[in-house]
Engineer: 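Sending over a structure as structure tokens; questions will come in a sec.
Residues take their numbers from the sequence shown, with the count starting at 1. Just so you know, ligand 1 is whichever comes first in the structure, and atom 1 is the first atom listed for that ligand.
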Amino acid sequence: MYARTRLNAGLTGVLLALFAVISAPAIAAGIADTKHNLSVTGPGTIKSTDQTEICVFCHTPHDAIKNDSIPLWNHTLSTTASYGTYVSPTLDATDAGDIGGVTETNAAVSNLCLSCHDGTVAVNSMNNPSNARPTTTMAGGVTKITGAANLGAGSDALKNDHPVNFTYDATLATKDGGLKAPGSLTGVKLFANKVQCASCHDPHTSQDPTGQAFLRVSMSGSTLCLSCHNK
Ligand code: HEC
Ligand code: HEC
Ligand code: HEC
Ligand code: HEC
């Protein structure tokens, strides 16, 4: 009897340990493990040789860019005049205007991404550099994104990309007929009712760790797309 209880306890322990492994949620890696860690500890090729802070490339606690629609922004915004907009005969959204030519005060969340991803601004160009480490030198002198992650700064740069910076409300969902009710979305995010780059992307982490595309929802089975589109 005693031995049997011991055996059961042992078995329970093993089962509990197994359960813990199986039920552990797929924890997305933090920003430190992504290409958006541009500090000395970053895993990518575009990274600093002396800056130890991670957030400073994008945010600052003080002297951030004054704009009510963006979070404590620190990265110099792009002055690109026009990116063009996506057009198609079946598009129902009507307010997806050109997000080029914006100023600091009216830049949208998508302009934050484009401040590095249109390839025109150095990634180490900041509004308010760190007091503790005022210098930020980039490895190999590489300061700009030039590869596939450069969406471009031409006046048709965003014509071939999923539309951004437009209102996704109940009226649009009804008009389109193939969209989920905006109030019922899970995983993805709207910014003041608008679709922005960061609706699909989370710049701090990725649910697709292998692809590292900073996606809020995995692309496996196109789950990301099906988070909004009823297809
Ligand atoms: C490469 C640029 C980048 C870096 C680096 C970065 N962020 Fe962000 N962050 C953004 C962008 C863009 C947004 C706005 C879009 C959004 O909310 O996802 C944002 C939004 C936020 C928000 C408000 C939205 C939310 O998720 O609550 C917080 C808080 C935040 N960041 C904290 C941090 C902290 C802390 C760090 C450093 C550990 C950091 N960020 C590093 C780009 C960055
Ligand atoms: C401070 C500059 C900066 C900002 C702001 C920024 N990024 Fe990045 N991002 C980078 C750099 C640098 C890389 C690495 C590019 C490379 O290695 O070619 C990168 C990589 C990426 C990648 C992965 C590309 C790949 O090839 O693996 C995605 C996706 C991405 N960023 C999306 C975004 C989105 C969306 C936003 C806004 C929400 C954003 N980024 C804001 C600098 C930035
Ligand atoms: C509707 C969702 C969605 C929106 C909106 C969106 N992206 Fe993406 N993005 C994706 C997906 C999905 C991928 C991965 C594509 C792949 O794996 O082939 C991606 C990939 C990328 C990449 C990696 C390079 C590449 O072309 O594969 C970058 C950089 C990027 N996005 C930046 C942005 C920026 C900047 C914006 C806003 C102007 C934006 N994205 C808006 C879904 C989106
Ligand atoms: C955050 C919500 C959201 C996500 C995620 C999303 N979309 Fe969209 N998408 C929209 C909305 C809203 C529209 C505008 C529909 C309209 O106005 O007709 C749109 C437009 C489109 C269009 C253009 C439709 C047209 O009539 O020209 C296509 C195609 C599309 N999305 C495909 C995708 C794909 C593929 C993915 C996944 C990679 C995706 N979307 C992810 C919300 C989303």
Engineer: Taking only heavy atoms of D92 into account, list the atoms of ligand 4 that are under 4.0 Å away from them.
Structural biologist: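 Heavy-atom distances to D92 below 4.0 Å select 16 (C), 17 (O), 18 (O).
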
Engineer: Output all residues satisfying side chain to side chain contact (heavy atoms under 4.5 Å, CB included) with T60, sequence neighbours left out; order by chain, then residue number.
Structural biologist: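 Partners of T60 under the side chain to side chain contact (heavy atoms under 4.5 Å, CB included) test: A64, N74, N128.
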
Engineer: What's the spacing between N150 CG and T120 OG1 if we round to 0.5 Å?
Structural biologist: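 With rounding to 0.5 Å, CG (N150) is 8.5 Å from OG1 (T120).
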
Engineer: List the atom pairs, with distances to 0.1 Å, where a side-chain N or O of residues 219-231 and a protein N or O form a donor-acceptor pair under 3.5 Å, not counting sequence neighbours.
Structural biologist:
from	atom 1	to	atom 2	distance (Å)
T223	OG1	S220	O	2.5
S227	OG	T223	O	2.8
S227	OG	L224	O	3.1

Engineer: My understanding is that we take every heavy atom of each candidate and find the minimum distance to atom 14 (C) of ligand 4. Doing that for Y168, F166, Y86, which one comes out nearest?
Structural biologist: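 Closest candidate by heavy-atom distance is F166.
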
Engineer: Geometry only, no angles: is H36 polar-contacting ligand 1 at N/O separations under 3.5 Å?
Structural biologist: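 No - when backbone and side-chain N and O of H36 are compared with those of ligand 1, no distance drops under 3.5 Å.
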
Engineer: Considering only N, O or S atoms, which atom of H229 is nearest to atom 8 (Fe) of ligand 4?
Structural biologist: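 That would be atom NE2.
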
Engineer: Show your working on side-chain hydrogen bond (donor to acceptor under 3.5 Å, both in side chains) between N165 and S110 and close with a plain yes or no.
Structural biologist: CA-CA 7 Å; N165 200 39; S110 295; 5.7 Å; no

Engineer: Hey, which atoms in ligand 4 end up nearer than 4.0 Å to a heavy atom of T90?
Structural biologist: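 By the 4.0 Å cutoff, the relevant atoms are 18 (O), 25 (C), 26 (O), 27 (O).
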
Engineer: Is I54 reachable from I46 through a run of I, L, V, M, F, W or Y residues, each pair having side-chain heavy atoms under 4.5 Å apart?
Structural biologist: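 No, it is not one cluster - the side chains of I46 and I54 are not joined through contacts under 4.5 Å.
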
Engineer: Roughly how far, to the nearest 0.5 Å, is the CG atom of L172 from the CG atom of D92?
Structural biologist: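 CG of L172 is found 6.0 Å from CG of D92.
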
Engineer: Taking 4.0 angstrom as the limit and counting only heavy atoms of L224, give me the atoms of ligand 3 inside it, by number and element.
Structural biologist: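 In order of numbering, the contacting atoms are 12 (C).
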
Engineer: Taking only heavy atoms of H117, which atoms of ligand 3 are found under 4.0 Å from at least one of them?
Structural biologist: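 Matching atoms, with element in brackets: 29 (C).
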
Engineer: Side chain or backbone, does V188 bring an N or O within less than 3.5 Å of an N or O on ligand 4?
Structural biologist: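 Checking ligand 4 against V188, no N or O pair falls under 3.5 Å apart.
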
Engineer: Using 0.5 Å steps for rounding, measure from the CG atom of N111 to the CD atom of Q196.
Structural biologist: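 Output value for this atom pair is 8.0 Å.
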
Engineer: Quick one: which of C225, G187, S222 has a heavy atom closest to atom 37 (C) of ligand 4?
Structural biologist: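 It is C225 that holds the nearest heavy atom.
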
Engineer: Answer with side chain, backbone, both or neither: which part of L91 has a heavy atom less than 4.0 angstrom from an atom of ligand 4?
Structural biologist: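 L91 to ligand 4: contacts from backbone and side chain alike.
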
Engineer: Look at atom 22 (C) of ligand 3 and say whether a protein heavy atom is found at less than 4.0 angstrom from it.
Structural biologist: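 When distances to the protein are checked, atom 22 (C) of ligand 3 has no heavy atom within 4.0 Å.
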
Engineer: Name the closest protein heavy atom to atom 17 (O) of ligand 1, giving the residue it belongs to and the distance to 0.1 Å.
Structural biologist: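 Ranked first by proximity to atom 17 (O) of ligand 1 is F191 CE2, 3.5 Å.
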
Engineer: Show the numbers, then the answer: is there a side-chain hydrogen bond (donor to acceptor under 3.5 Å, both in side chains) between Y83 and D118?
Structural biologist: CA-CA 9 Å; Y83 294 105; D118 82 355; 2.7 Å; yes

Engineer: If waters are left out, how many protein N/O/S atoms lie within less than 2.8 Å of atom 8 (Fe) of ligand 1?
Structural biologist: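 Considering protein N, O and S only, atom 8 (Fe) of ligand 1 has 2 within range.
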
Engineer: Give the contacting part of L185 toward ligand 4: side chain, backbone, both or neither, where contact means a heavy-atom distance below 4.0 Å.
Structural biologist: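 It is neither; nothing of L185 touches ligand 4.
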
Engineer: Number the atoms of ligand 1 from 1 as they appear, then name those within less than 4.0 Å of a heavy atom of I54, with their elements.
Structural biologist: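 With I54 as reference, the close atoms of ligand 1 come out as 5 (C).
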
Engineer: Quick check on atom 2 (C) of ligand 3 - does any protein heavy atom sit closer than 4.0 Å to it?
Structural biologist: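 Given the 4.0 Å cut-off, atom 2 (C) of ligand 3 counts as touching protein heavy atoms.
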
Engineer: Is a side-chain donor-acceptor pair under 3.5 Å present for T143 with N124?
Structural biologist: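 Absent: no donor and acceptor within the cut-off.
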
Engineer: Looking at side-chain heavy atoms only, is the closest gap between P163 and L91 below 4.5 Å?
Structural biologist: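 In short, these two side chains touch, coming nearer than 4.5 Å.
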
Engineer: May I ask you to check whether N193 and T167 show a side-chain donor-acceptor distance below 3.5 Å?
Structural biologist: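 No - no donor-acceptor pair under 3.5 Å links their side chains.
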
Engineer: Does only the side chain of L172 get under 4.0 Å from ligand 4, or the backbone, or both, or neither? Count heavy atoms.
Structural biologist: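 For L172, the contact with ligand 4 is made by the side chain alone.
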
Engineer: As an exercise, identify every atom of ligand 3 less than 4.0 angstrom from a heavy atom of A149.
Structural biologist: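 Ligand 3 atoms under the 4.0 Å threshold to A149: 29 (C).
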
Engineer: Could you tell me the residue and atom name of the protein heavy atom closest to atom 24 (C) of ligand 3, and the distance to it rounded to 0.1 Å?
Structural biologist: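 Looking only at protein heavy atoms, the one closest to atom 24 (C) of ligand 3 is A148 O, 3.8 Å.
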
Engineer: By residue and atom, what protein N/O/S atoms are less than 2.8 Å from atom 8 (Fe) of ligand 3?
Structural biologist: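 Listed by chain and number, the nearby protein N, O or S atoms are H201 NE2.
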
Engineer: Please report which non-hydrogen protein atom sits nearest to atom 15 (C) of ligand 1, along with the residue it belongs to and the distance in Å to one decimal place.
Structural biologist: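 Checking every protein heavy atom, the shortest distance to atom 15 (C) of ligand 1 gives A198 CB, 3.7 Å.
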
Engineer: Would you kindly say whether T205 and D202 are connected by a side-chain donor-acceptor distance under 3.5 Å?
Structural biologist: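 Side chains of T205 and D202: no pair found under 3.5 Å.
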
Engineer: Can you tell me which residue and heavy atom of the protein come closest to atom 18 (O) of ligand 1, and the distance to 0.1 Å?
Structural biologist: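 Residue, atom and distance for the closest contact: R216 NH2, 3.0 Å.
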
Engineer: I need the atoms of ligand 3 closer than 4.0 Å to a non-hydrogen atom of M219, numbered in the order shown.
Structural biologist: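 What qualifies from ligand 3 is 12 (C).
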
Engineer: Heavy-atom contacts with D176 under 4.0 Å: which atoms of ligand 4 show up? List them by number with element.
Structural biologist: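 Ligand 4 atoms under the 4.0 Å threshold to D176: 15 (C), 16 (C), 18 (O).
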
Engineer: Considering only protein heavy atoms, determine whether one is less than 4.0 Å from atom 5 (C) of ligand 3.
Structural biologist: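 Yes, there is a protein heavy atom closer to it than 4.0 Å.
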
Engineer: Could you go step by step and tell me if F191 and C197 meet the side chain to side chain contact (heavy atoms under 4.5 Å, CB included) rule?
Structural biologist: CA-CA 10 Å; F191 297 81; C197 308; over 6 Å; no

Engineer: Should the ring pair H36 and F214 be called parallel, tilted or perpendicular, given that the plane angle runs from 0 to 90° and is split at 30 and 60?
Structural biologist: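 H36 vs F214 ring planes: parallel.
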
Engineer: Counting only heavy atoms from other residues, nucleotides and ligands, does the tally under 6.0 Å from CG of N131 exceed 12?
Structural biologist: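 Counting other residues, nucleotides and ligands, CG of N131 stays at 12 neighbours or fewer.
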
Engineer: Heavy-atom contacts with W73 under 4.0 Å: which atoms of ligand 1 show up? List them by number with element.
Structural biologist: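 Numbered from 1, ligand 1 contributes 10 (C), 11 (C), 12 (C), 42 (C).
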
Engineer: Relative to the heavy atoms of C228, which atoms of ligand 4 are at a distance of less than 4.0 Å?
Structural biologist: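 Answer, ordered by atom number: 1 (C), 2 (C), 3 (C), 4 (C), 5 (C), 42 (C), 43 (C).
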
Engineer: Can you list the ligand 4 atoms lying under 4.0 Å from a non-hydrogen atom of S88?
Structural biologist: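 Reading through ligand 4 atom by atom, the close ones are 25 (C), 26 (O), 27 (O).
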
Engineer: Between S218 and D208, what is the shortest heavy-atom contact and its length?
Structural biologist: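 Closest approach of S218 to D208: OG-OD1, 3.1 Å.
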
Engineer: Among protein heavy atoms, which lies nearest atom 27 (O) of ligand 1, and at what distance?
Structural biologist: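 Scanning the protein heavy atoms, the shortest distance from atom 27 (O) of ligand 1 goes to K189 NZ, 4.8 Å.
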
Engineer: So if I count the atoms of ligand 4 from 1 in the order they appear, which ones are less than 4.0 Å from some heavy atom of A93?
Structural biologist: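 Every atom of ligand 4 under 4.0 Å from some heavy atom of A93: 16 (C), 17 (O).
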
Engineer: How close do A132 and E53 get, counting heavy atoms only, and between which atoms?
Structural biologist: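 Heavy-atom minimum between the residues: CB-OE2, 4.3 Å.
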
Engineer: To which protein heavy atom is atom 11 (C) of ligand 3 closest, and what is the distance rounded to 0.1 Å?
Structural biologist: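 Its nearest protein heavy-atom neighbour is L215 CD2, 3.7 Å.
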
Engineer: Quick check on atom 40 (N) of ligand 3 - does any protein heavy atom sit closer than 4.0 Å to it?
Structural biologist: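 Yes.
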
Engineer: Evaluate the side-chain hydrogen bond (donor to acceptor under 3.5 Å, both in side chains) criterion for residues S155 and S82: first the C-alpha distance (whole Å), next the side-chain angles of each, then the deciding distance (0.1 Å), finally the verdict.
Structural biologist: CA-CA 5 Å; S155 58; S82 168; 5.1 Å; no

Engineer: Hey, which atoms in ligand 3 end up nearer than 4.0 Å to a heavy atom of C113?
Structural biologist: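 In order of numbering, the contacting atoms are 35 (C).
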
Engineer: Give the residue, atom name and distance (to 0.1 Å) of the protein heavy atom nearest atom 28 (C) of ligand 3.
Structural biologist: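 Answer, as residue, atom name and distance: L151 CD1, 4.2 Å.
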
Engineer: Looking at N160, I want to see if its CG is surrounded by more than 12 non-hydrogen atoms of other residues, nucleotides or ligands under 6.0 Å.
Structural biologist: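 Check passes, neighbour count above 12.
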
Engineer: Heavy atoms only, cut-off 4.0 Å: how does S227 contact ligand 4, side chain, backbone, both, or neither?
Structural biologist: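 Under 4.0 Å from ligand 4, S227 contributes no heavy atoms.
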
Engineer: What atoms in ligand 4 come closer than 4.0 Å to a heavy atom of L179?
Structural biologist: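 Near L179, the atoms of ligand 4 are 11 (C), 12 (C).
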
